[in-house]
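Below, read A as the first sequence line, B as the second, and so on, with proteins coming before strands; counting in each chain starts at 1.
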2 protein chains.
Amino acid sequence: GILETNTRLACKCIMIRSQYIHPKVYQSVEIFPPGSACRRTEVIITLKNGNKVCVDPEIRWVKKTLKALFEAKEK
Amino acid sequence: GILETNTRLACKCIMIRSQYIHPKVYQSVEIFPPGSACRRTEVIITLKNGNKVCVDPEIRWVKKTLKALFEAKEK
């Protein structure tokens, strides 16, 4: 699948998607801060169809989308 | 528990914690954008001890912490 979790590696994301994914298909966005298990910040978007996609927090659209996400008040 | 999920309500968070929680105890932070099921943005922090805590994205420390989270590059 898009998110191959590899038990040997402590990081969750093997394949990271760089193309833009519109927020209207997000069910949730999970951020894993860097820690002892994995040295980098990992961002996993769960889509409304249940798929999970790893995205790179360094990429501009990801930063912008994340920022907008938690500034979105009520719908 | 801290996060009572209530099947009747579409929103996940019943009790929302306002006191500061230091990022070093976070395992992950999940953001649920407002949608058809729940009108407001919900932010659920999973702690390293496995507990899940709902926090209010409107509160200053939450905004600041979320912002810092995805700006944290490598550890």
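The distance from atom CD1 of A:I31 to atom OG1 of B:T65, rounded to the nearest 0.5 Å, is 11.0 Å.
The minimum heavy-atom distance linking B:P33 with A:S28 is given by the pair CD-CA, 4.2 Å.
Annotation: side chain to side chain contact (heavy atoms under 4.5 Å, CB included) contacts of B:V55 (sequence neighbours excluded): B:I21, B:V43, B:I45, B:V53, B:W61, B:V62. Listed by chain and residue number, nothing satisfies the salt bridge (Lys or Arg N to Asp or Glu O under 4.0 Å) test with A:E30 (two or more places apart in sequence, or in another chain).
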Exercise for the section: Go through the steps for B:L69 and A:L66 under the test side-chain contact (heavy atoms from CB on, under 4.5 Å), then give the verdict. Expected result: CA-CA 10 Å; B:L69 257 187; A:L66 285 181; over 6 Å; no
